[in-house]
Engineer: 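Take this structure first; my questions come after.
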Amino acid sequence: MFGTLSRSSKLTLLALLVLAILPPIFIWTGNSFYVDLATRLVILAIAAVSLNLILGYGGMISFGHAAYLGIGAYAVGIPAHHELYGGFEAIASFGGFTHIFLAVGISALFALITGAICLRTKGVYFIMITMAFAQMLYYLLVSLDEYGADDGLVIDARSEFPLINLDNSLQLYFVCLASLAAAMLIVRTVVHSRFGMVLQGAKGNEERMTSLGYNVYAYRLVAYVISGAMCGFAGALLGNFTTFISPEMMAWSRSGELMFMVILGGVATTLGPLLGSAAFIIIEEAFSSYTIYWHLPFGLMLMAVVLYTNGGIMGMKFKWRSPSAEKGTQENGTK
Amino acid sequence: MSSILEMKDLRKSYGGVTATDGVSLSVEKNILHAIIGPNGAGKTTLISLLSGAVKPDGGKIFFAGKDITSQPAYSRAKVGISRSYQITSLIMSMSVLDNVALAIQARSGHSFKFIKPAKSLTKIRSEALNILKQIGLADRAEDLTSNLSHGEHRLVEIAIALASNAQCMMLDEPMAGLGPEESVRMIAFIKQLKGSRTILLIEHDMDAVFALADTISVLVYGKIIATGSPDEIRNNEAVRHAYLGEE
Ligand SMILES: Nc1ncnc2c1ncn2[C@@H]1O[C@H](COP(=O)(O)OP(=O)(O)O)[C@@H](O)[C@H]1O
Ligand SMILES: [Mg+2]
């Protein structure tokens with residue numbers, strides 16, 4: 001069965017396998033700090049995977065994707081806050097399913113409303129307006145004293161689920177990893193479906209797709225909502241991981257980092273967003289202890305990748321191997 | 001014979017340039033109606049107005065008796081109008097087969113279908129492959145569209161028009177840039193399309209136009225100066241003066 005998988009699927013499975021094996025080893029060897037690092041990596045990778053659906057496959061360069069991370073995290077923090085301190089009975093809860101329902105539901109709604117407007121614009125206007133909406137949400141939360149304003153809010157209790165205890169770092173990690181695998185599978189399935197073909201076709205040639213009879217706007221909007229909902233879910237995991245929410249989670253620089261991860265890893269690939277997130281986490285970890293200008297090496301690396309490969313880290317690999325890779329596709333073609 | 005496509009006093013200007021200057025024209029059902037005219041006469045603009053890609057400044061468009069002037073471009077394809085492009089407009093980042101398959105997929109209802117892999121839909125795939133076979137591009141089916149030659153791109157344009165299977169096909173200079181051999185193939189192909197559907201053909205190649213057209217309209221500076229059978233057009237004094245004479 002393994003033999004029927006494409007090479008990129010095998011690589012993805014391999015990467016997920018490594019991610020499944022490493023953290024238990026970290027724990028046994030007393031390096032639990034690295035489990036935290038891996039958890040952050042996996043959560044950011046889910047966000048990057050969701051962004052890749054619209055940015056990579058759909059050609060929609062959203063500069064406001066961190067808004068959904070924030071919405072998801074607040075969807076954990078606010079209900080928990082009210083459960084503990086009273087008020088807002090309708091949503092007050094420690095229940096994980098309530099949190100996830102809110103995170104995904106509100107993210108989808110936010111994506112639907114803002115997407116309906118953003119998708120009327122194109123190019124640099126789209127980039128700016130997606131960023132503007134995220135900033136609006138940012139300033140809204142900065143103004144809410146009840147939830148700590150710009151200082152943020154400590155989440156006193158993590159989401160409660162039957163059988164699973166998110167206070168256990170390894171359990172939390174595996175929930176995140178399973179979610180990443182699911183997110184990758186969902187995006188992979190969607191982009192290979194008829195819907196996905198329309199989405200990618202519209203990225204390649206919007207005018208042609210329109211004249212074929214596709215309402216490009218509607219397809220993009222649906223993708224935008226799926227992507228936002230998925231990132232909102234990642235946000236709920238992030239809230240549980242950091243047990244702290246603050247507007248800073250949805251600052252424009254966070255959105256920029258997500259974009260960097262997707263582009264660095266390789267747009268429109270299954271594995272790219274994960275590789276990009278890993279590169280980001282590693283660079284951040286390696287340099288941020290020496291210098292506050294650690295974004296610089298990240299930026300330089302991004303430029304190098306964009307200039308010298310065709311499509312991020314994934315593209316780099318395929319470029320090096322291009323002779324054999326080409327032969328591979330030809331062989332497949334004649335089969 | 002009844003008309004299927006009606007233009008009433010269509011107007012479109014770009015800044016100071018009047019590309020369409022009060023065009024009123026009736027295209028009869030199931031004939032091949034050619035539009036000729038010098039470069040910059042407004043032929044492509046007219047097609048864009050009919051396909052909905054460009055909004056007119058004034059005038060009305062009727063298709064099968066219905067006013068479609070304010071219908072968005074994507075819904076005009078649904079009622080049966082398709083176009084090909086003078087400047088090749090394909091999805092270069094996809095395979096040739098995917099380009100054609102997307103045209104077939106567009107015919108079969110909405111595409112909010114998220115689960116089944118598009119490549120596993122054998123009905124669509126084999127129909128697309130059949131069209132590519134007809135047009136002599138079967139061996140290029142799996143190739144990335146950007147890797148094809150200019151002549152092959154022109155053929156893919158026609159394959160997509162075929163796949164859309166529209167009641168009314170608008171072909172914008174399908175012969176542009178083709179070698180003599182490819183042109184012959186293209187003419188034979190368009191002949192094959194005739195009869196069962198309405199074709200609005202824009203073409204520079206006069207031999208092709210006179211060989212294919214049932215009716216010809218001549219467009220000069222955004223105005224239709226004559227409409228008639230090929231013989232009538234050949235012998236029309238104004239046309240000879242304004243257009244044919246120039247060559
Ligand atoms: N998008 C546009 N912007 C500005 N001018 C245009 C545009 N499209 C066409 N034109 C102008 O309108 C006129 C008609 O162009 P076109 O319809 O392409 O002519 P044809 O297809 O007959 O060669 C030309 O003068 C052209 O420069
Ligand atoms: Mg033209």
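By convention in this document, chain letters (A, B, ...) are assigned in the order of the sequence lines, proteins followed by strands, and residues within each chain are numbered from 1.
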Engineer: Between B:Y74 and A:Y217, is there a donor-acceptor pair closer than 3.5 Å when you use the side chain of the first and the backbone of the second?
Structural biologist: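 Checking the backbone N and O of A:Y217 against the side chain of B:Y74, no donor-acceptor pair under 3.5 Å is found.
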
Engineer: Whether the side chain of A:Y214 engages the backbone of B:L102 through a donor-acceptor N/O pair (distance < 3.5 Å, no angle test) should be reported.
Structural biologist: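 A pair under 3.5 Å: yes.
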
Engineer: Using a 4.5 angstrom heavy-atom cutoff, name the option from B:A77, B:A141, B:A118 with the most pairs to chain A.
Structural biologist: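 Option with the greatest count: B:A118.
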
Engineer: Restricting to ring pair (Phe, Tyr, Trp, His ring centres under 6.0 Å), what partner residues turn up for A:F110, sequence neighbours left out?
Structural biologist: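 If we apply the ring pair (Phe, Tyr, Trp, His ring centres under 6.0 Å) test to A:F110, skipping adjacent residues, the hits are A:Y68.
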
Engineer: Check side chain to side chain contact (heavy atoms under 4.5 Å, CB included) between B:N130 and all other residues, then give those that pass, not counting sequence neighbours.
Structural biologist: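 With sequence neighbours excluded, B:N130 shows a side chain to side chain contact (heavy atoms under 4.5 Å, CB included) to B:K133, given in chain and number order.
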
Engineer: So which atom in A:L212 and which in B:A106 form the shortest heavy-atom distance, rounded to 0.1 Å?
Structural biologist: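 Here A:L212 and B:A106 meet closest at O-CB, 3.3 Å.
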
Engineer: Go through the atoms of A:I226 and report whether side chain, backbone, both or neither lie under 4.5 Å from a heavy atom of chain B.
Structural biologist: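 Just its side chain gets close to chain B.
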
Engineer: Any side-chain to backbone donor/acceptor pair from B:S111 onto A:R194? Under 3.5 Å, distance only.
Structural biologist: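 Looks like no, no N/O pair under 3.5 Å.
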
Engineer: Against chain B, work out which of A:M209, A:M197, A:R208 has the most heavy-atom pairs shorter than 4.5 Å and name it.
Structural biologist: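 So the answer, after comparing A:M209, A:M197, A:R208, is A:R208.
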
Engineer: Looking only at heavy atoms and a cut-off of under 4.5 Å, which of B:I160, B:I91, B:D98 has the most pairs with chain A?
Structural biologist: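 So the answer, after comparing B:I160, B:I91, B:D98, is B:I91.
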
Engineer: Quick check on B:K78: does its NZ atom have over 12 non-hydrogen neighbours (other residues, nucleotides or ligands) under 6.0 Å away?
Structural biologist: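 It does: B:K78 NZ has more than 12 such atoms within range.
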
Engineer: When you look at CD1 of B:I87, are more than 12 heavy atoms from neighbouring residues, nucleotides or ligands closer to it than 6.0 Å?
Structural biologist: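 For B:I87, atom CD1 is not crowded (no more than 12 foreign heavy atoms under 6.0 Å).
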
Engineer: A:A218 versus chain B, heavy atoms under 4.5 Å apart: side chain, backbone, both or neither?
Structural biologist: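 The answer is both parts of A:A218.
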
Engineer: Please state whether the side chain, the backbone, both or neither of B:A103 comes within less than 4.5 Å of a heavy atom of chain A.
Structural biologist: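 Both parts, backbone and side chain.
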
Engineer: Indicate yes or no for a side-chain donor-acceptor contact from A:E207 to the backbone of B:S89 under 3.5 Å, with no hydrogens or angles considered.
Structural biologist: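 A pair under 3.5 Å: no.
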
Engineer: Need one label for A:V222: side chain, backbone, both or neither, based on atoms under 4.5 Å from any heavy atom in chain B.
Structural biologist: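 For A:V222, the contact with chain B is made by the side chain alone.
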
Engineer: How far apart are the closest heavy atoms of A:G201 and B:M94, and which atoms are they?
Structural biologist: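 Taking A:G201 first and B:M94 second, the nearest heavy atoms are N-CE, 3.4 Å.
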
Engineer: Please work out whether the ring planes of B:F112 and A:Y219 are parallel, tilted or perpendicular, with thresholds of 30° and 60°.
Structural biologist: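 Aromatic pair B:F112/A:Y219 classed parallel.
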
Engineer: Less than 4.5 Å apart, side chain to side chain, heavy atoms only: is that true for A:N205 and B:Y85?
Structural biologist: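 No - every pair of side-chain heavy atoms lies 4.5 Å or more apart.
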
Engineer: Non-hydrogen atoms of chain A under 4.5 Å away: do they reach the side chain of B:L90, the backbone, both or neither?
Structural biologist: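 B:L90 touches chain A through backbone and side-chain heavy atoms alike.
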
Engineer: Is B:K116 atom NZ crowded by more than 12 heavy atoms from other residues, nucleotides or ligands, each under 6.0 Å away?
Structural biologist: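 No, not enclosed.
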
